[in-house]
Amino acid sequence: MVDVDPRIDAAHAMPMAELVDRLQIAGLVRTSGELVGPCPSCGGKDRFGINLQKQIFNCRVCGAKGDQIALVQLALGMDFPAALEWLIGPRQELTPAQLAEQRRRAQENQRKRDAEAAKHRADAIALAWKIWQRGQPADDTLVVDYLARRGIPPRSGAKLPRCFRFEPDARLVVPDPNRSREFKTVHEGPAMLAEIAGPDGKFCGVHRTWIDLDQAKGKPVVPHPFKDGEIVSAKKVYGSKKGGAIRLYTPRDASILVMAEGIETTLSGLAAKAIETGAAYWAGVDLGNMSGQRKLGKGLKYAGIPDMSDHDAFIPPQWVQRLIFVQDGDSEPRLTRAKLLSGLRRAMATRPGLTAGIVHPGDGIDMNDLLLSGGTTTSEEVNRDA
Ligand SMILES: [Zn+2]
C-alpha cells in the first residue's frame with residue numbers, strides 16, 4: 001500500500017489567489033482568468049502567470065511551474081515537505097508509544113526477512129556442496145572431451161583446473177507447473193561441475209553443465225516438456241553466485257584479471273592468448289553478477305553507472321591492478337556494454353588505482369567463436385566516470 005499524504009489533497013483545494021496573498025507575491029495583475037507579473041524567483045515584468053482555472057503557475061523564463069505546493073517552494077525556497085507543512089501544518093503525529101511500537105514491529109519483520117533469506121542462502125549452498133561432494137576428479141573424464149569439443153582441450157599432459165569436477169550421472173529437472181514444489185526429470189547423464197568461489201575464496205556454489213557428446217556443442221538438447229518450442233538449458237547454478245566467480249586460472253604473480261561470463265568463453269580467451277599473458281582468467285558466471293545493480297531512470301539505460309548501494313556484486317581481490325571484462329557476442333550489445341561498464345566502474349570506485357578495459361571478440365561472436373576462427377580482438381580503455 002502506498003502511503004499518500006492526505007495533506008496534498010488539502011493543498012490542492014486552496015485557491016491560488018488566496019495563496020498569492022499569503023505569500024505576499026507582489027506585482028501580479030489579473031487578466032482574463034490569469035494573474036500575470038514578475039516571477040517570484042527570477043523577476044522580470046510579465047513572464048510569470050498563474051492560471052486561476054487550472055490552479056497552476058508557469059514562468060516562461062526560468063521554467064518554474066506547478067501546483068500550490070510548488071508555488072510555496074518557489075516563493076519561499078523550501079523543499080517539498082517544508083512547503084507542505086507551511087501550507088497545511090504538520091502531519092498528524094502518532095504518540096511516542098505508538099511510534100515505538102511501529103518501529104519495534106518493523107524491526108521484527110526485517111529480522112524475520114533477513115533470517116529467512118540467510119536460511120534460504122545456507123540451504124542453497126548446502127545443496128550445492130552436496131552436488132560438489134558427489135563430483136570426482138575431472139582429469140581423464142568426459143569433462144576433457146567436452147572442453148575439447150568446444151575447442152579448448154587442456155594442453156597435453158596438463159591437468160584441468162582444480163575448480164572442475166566430473167559427475168557421472170546428474171538429473172536435469174524442470175519445475176512442474178501443475179504441482180507446486182515438484183520437479184520433472186527431463187534428462188539424466190554426465191555433467192561437468194565448476195566450483196563458484198565467494199569473495200573470500202571459499203566455496204559458495206556450483207555450476208553444472210550436462211554433457212552429451214552426440215550433440216554438436218557437446219550438451220544435451222532437451223525439448224521443454226511444459227513450454228512449446230523451448231529447449232531446457234543444459235547449464236544450472238546452485239548455491240550463491242553473487243560476488244563469486246569460477247576461478248579457472250590464477251597464476252602466481254598475476255596482477256591482471258580477465259573475466260568473461262561463461263566458462264567456455266573465459267577458457268577460450270586464455271587459450272587464444274589474444275588478451276593478456278600472465279593474467280588470471282575467471283568466469284563471472286553471469287552478466288548480472290559482473291555488473292551489479294545499475295543506476296536506472298530516464299536516459300540511464302545504457303549509461304553504465306553502478307548503484308554503489310549494491311554490496312553483493314563482484315569486486316576483484318586486492319591483488320588485481322587491472323581488470324578486463326570480455327564483451328561476448330550478444331543480441332543486445334549496447335545493454336551488455338552498459339552492464340560491463342557498471343561492473344568495471346564499481347571496481348574502480350572500490351579499488352583506487354585499478355585500471356579497467358573491455359575486450360570485444362567482434363560483432364555477433366564470442367571468444368569461443370574467435371578462438372575457433374583464429375581472429376583478433378579489439379579493446380577499449382574504460383574511465384571511472386561516465
Ligand atoms: Zn522565473
Side-chain angles (χ1 to χ4, degrees), residues 1-94 99 102-103 106 291-311 332 334-335 337-346 348-350 382-386:
M1 197 181 78
V2 180
D3 181 14
V4 177
D5 194 328
R7 293 177 303 161
I8 293 171
D9 281 344
H12 288 162
M14 292 183 77
M16 276 285 200
E18 230 176 87
L19 191 51
V20 165
D21 239 31
R22 259 183 85 186
L23 289 166
Q24 298 176 39
I25 298 172
L28 297 186
V29 179
R30 186 180 285 260
T31 64
S32 55
E34 273 196 307
L35 291 172
V36 175
C39 171
S41 175
C42 69
K45 248 166 60 188
D46 58 3
R47 61 184 64 170
F48 181 82
I50 295 175
N51 184 322
L52 294 173
Q53 189 105 66
K54 295 183 180 166
Q55 298 280 295
I56 50 173
F57 71 92
N58 168 48
C59 170
R60 285 198 317 268
V61 175
C62 71
K65 60 179 178 180
D67 60 6
Q68 288 87 340
I69 306 161
L71 184 60
V72 176
Q73 288 182 257
L74 183 76
L76 303 180
M78 288 174 166
D79 62 13
F80 183 89
L84 194 54
E85 185 156 339
W86 185 88
L87 261 177
I88 311 290
R91 192 168 184 169
Q92 191 68 36
E93 291 303 339
L94 299 170
L99 276 173
Q102 204 174 55
R103 250 199 315 274
S291 154
Q293 299 289 323
R294 285 174 298 139
K295 284 207 169 136
L296 292 172
K298 204 164 179 253
L300 292 179
K301 187 173 179 190
Y302 301 113
I305 300 167
D307 176 349
M308 296 303 288
S309 68
D310 177 3
H311 299 294
E332 266 260 52
R334 274 183 84 196
L335 195 56
R337 186 174 179 280
K339 290 181 178 178
L340 296 180
L341 283 174
S342 163
L344 292 169
R345 287 176 178 144
R346 174 192 315 282
M348 279 187 275
T350 313
V382 169
N383 297 315
R384 182 175 158 178
D385 302 307

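All ligand and atom numbering here is 1-based and tracks the order in the structure.
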Could you name each residue pair satisfying salt bridge (Lys or Arg N to Asp or Glu O under 4.0 Å) that touches residues 57-73, not counting sequence neighbours?
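Residue pairs passing salt bridge (Lys or Arg N to Asp or Glu O under 4.0 Å), neighbours aside: Asp46-Arg60.
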
Answer whether the closest heavy-atom distance between the side chains of Gln73 and Trp86 falls below 4.5 Å.
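Answer no - side chains too far apart.
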
Nearest heavy atoms of Ile69 and Ala11, plus distance in Å:
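Between these two residues, the closest heavy atoms are CG1-CB, 3.7 Å.
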
Of all the heavy-atom pairs spanning Leu35 and Ala17, show the shortest one and how long it is.
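Answer, listing the atom of Leu35 first, then Ala17: CD1-CA, 4.4 Å.
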
Donor-acceptor pair, distance only, cut-off 3.5 Å: does the side chain of Gln68 make one with the backbone of Met14?
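Confirmed, Gln68 side chain pairs with Met14 backbone.
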
Atoms of type N/O/S from protein, distance to the Zn ion (ligand 1) below 2.8 Å:
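Total protein N/O/S atoms under 2.8 Å from the Zn ion (ligand 1): 4.
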
How about CZ on Arg30, more than 12 heavy atoms from neighbouring residues, nucleotides or ligands closer than 6.0 Å, or not?
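Result for CZ/Arg30: open.
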
